[in-house]
Amino acid sequence: MRRLLTLLALFSLAACEQDYNPPFAIPCPPLDVEETTVEEFSQVSSLLEKRCGTLDCHGSLYRPFKLYGKDGLRNFLPEEYSDPELAQANMTFAGGLPTTVEELDLNRRSICGLEPEKMGAAMAGEIEVTELLFLQKPLGDIDCTGREDEGCARHKGGQVFIGKGADDTVCVKGWIVPPFDNGACSTAIAVD
Amino acid sequence: MRIATLVSCMVLTSALGCGDPLRDRRVELLGEEDANFPADERHRPGQPCTWCHNAYEGAKPEMSVGGTTFFQPPDPEEPPFIAGGFVVRLLDSDGKTINLQANACGNYWATPDQFDPVYPMRTRILANVDGDLVVNVGMGTRIGREGSCGACHTQQKTPFSPGPIIVNAPDPANPPFPPAATDCPPPRFAPDMNARDFTFD
């Protein structure tokens with residue numbers, strides 16, 4: 001009887017076991033599949049660095065949605081954190097080295113990690129890309145009037161993207177749902 | 001008597017609870033006033049003006065924008081010194097623009113009545129060359145929300161800062177502007193908001 005109970009207990013435990021081996025991956029357009037993907041996201045990142053990633057906005061360690069880049073927050077070594085001279089020698093300061101591939105990858109993860117489930121749905125075409133928070137906010141699509149107490153997440157920086165059909169939005173959309181529009185990105189980046 | 005004491009305590013606690021620990025802490029880190037200089041338009045060059053000159057902290061005049069201009073000598077080992085007399089031109093997203101004249105200690109500012117910007121904002125520094133205002137240096141990025149130039153332009157170039165606002169000189173050994181007035185306080189700068197020493201007690 002005791003053996004039977006032990007066996008039953010073991011079977012029960014085995015039934016609860018879950019396979020955690022497969023890595024959990026956040027859906028995100030790849031960066032390193034081929035050379036073009038780096039070049040394409042580099043354009044998207046340039047746009048976001050310019051419009052969103054200034055040091056007083058999303059180029060800050062205090063922002064949940066962080067953006068790294070040449071003229072903003074830099075991806076720094078632990079030693080550079082408290083040693084400005086080392087950061088200067090390595091050109092790892094705001095305005096120093098051009099945006100690095102590592103910084104591009106951090107920006108990519110920052111975008112995709114914001115709403116991972118919705119990013120997967122947007123990539124699969126199940127929802128509009130403009131339903132993603134990281135586009136709703138710069139498009140000024142969130143009106144919190146009268147909903148301040150409900151935790152409504154207004155965008156303090158206001159509207160920094162011109163519109164849903166404008167080059168800035170088309171540039172970002174093309175990175176998430178191809179085809180990528182190189183011309184739209186170039187035009188959007190050139191806006192002062 | 002007990003009720004009166006209780007009510008007084010409640011009022012006092014409520015009043016204390018109205019403070020903003022973030023703002024209070026960052027002002028505390030700017031340090032005391034330099035006892036050797038008056039607290040006038042020359043004071044605290046390099047520090048973020050609007051951190052104190054705002055409705056909450058109450059320093060007068062209230063400012064919407066403010067900062068300090070510097071010049072970097074050719075020898076990078078030498079610290080930047082104050083460069084006065086330049087004009088800082090601001091352009092906001094509503095198309096409003098203003099020219100701010102930096103004083104002899106490099107400080108410039110605008111009150112909300114003069115300029116209440118809609119962000120993001122762009123800026124250029126202009127030099128007076130033979131009576132004409134000529135662009136000396138332009139800021140490479142937009143300003144997203146921070147009215148204090150010194151909040152991002154801290155003392156050194158770091159992963160979180162491009163360093164002070166530096167004006168150009170065609171011949172750096174002979175900059176086309178006088179050295180800062182001798183009665184200017186030494187630059188002080190802001191603590192780096194991302195650095196480890198910026199902690200909340």
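A quick note: this is a predicted structure, and the numbers were derived from the prediction, not measured. Residue numbers start from 1 in every chain, and the chains themselves are labelled A, B, ... in the order their sequence lines are given, proteins ahead of strands.
Distance alone, capped at 3.5 Å, is enough to place a donor-acceptor pair between the B:N103 side chain and the B:E41 backbone. Formation of a donor-acceptor pair under 3.5 Å by the A:T169 side chain with backbone atoms of A:G163 is found in this model.
For the pair A:R51 and A:F161, the distance from NZ or CZ to the six-membered ring centre is under 6.0 Å and the angle to the ring normal is within 45 degrees.
Ranking A:K156, A:E85, A:E49, A:E80 against chain B, the residue ahead of the rest is A:K156, based on heavy-atom pairs under 4.5 Å. Heavy-atom pairs under 4.5 Å with chain B were tallied for A:D83, A:N90, A:D56; the largest tally goes to A:D56. In terms of heavy-atom pairs under 4.5 Å with chain A, the best-connected choice from B:S93, B:G144, B:P120 is B:G144.
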Subject >> Working for salt bridge (charged side-chain N to carboxylate O under 4.0 Å, His left out), residues B:K96 and B:D116 >> reply: CA-CA 9 Å; B:K96 297 194 301 284; B:D116 192 9; over 6 Å; no
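When the SG-SG distance for A:C57 and A:C52 is compared with the 2.5 Å cut-off, it comes out at or above that value.
Contact annotation for B:R122: only side-chain heavy atoms (C-beta onward) come within less than 4.5 Å of a heavy atom of chain A. Of the two parts of B:S161, only the backbone, made up of N, CA, C and O, holds a non-hydrogen atom closer than 4.5 Å to a non-hydrogen atom of chain A.
The closest side-chain heavy-atom distance from B:R142 to B:M121 is not below 4.5 Å.
Using a 3.5 Å distance cut-off with no hydrogens or angles, the side chains of A:D143 and A:T145 do pair a donor with an acceptor.
Ring geometry, B:F160 versus A:Y81: the interplanar angle exceeds 60°, so the pair is classed perpendicular (tilted spans 30 to 60°).
Scanning residues 92-107 of chain A against chain B with a 4.5 Å non-hydrogen threshold yields A:T92, A:F93, A:A94, sorted by number.
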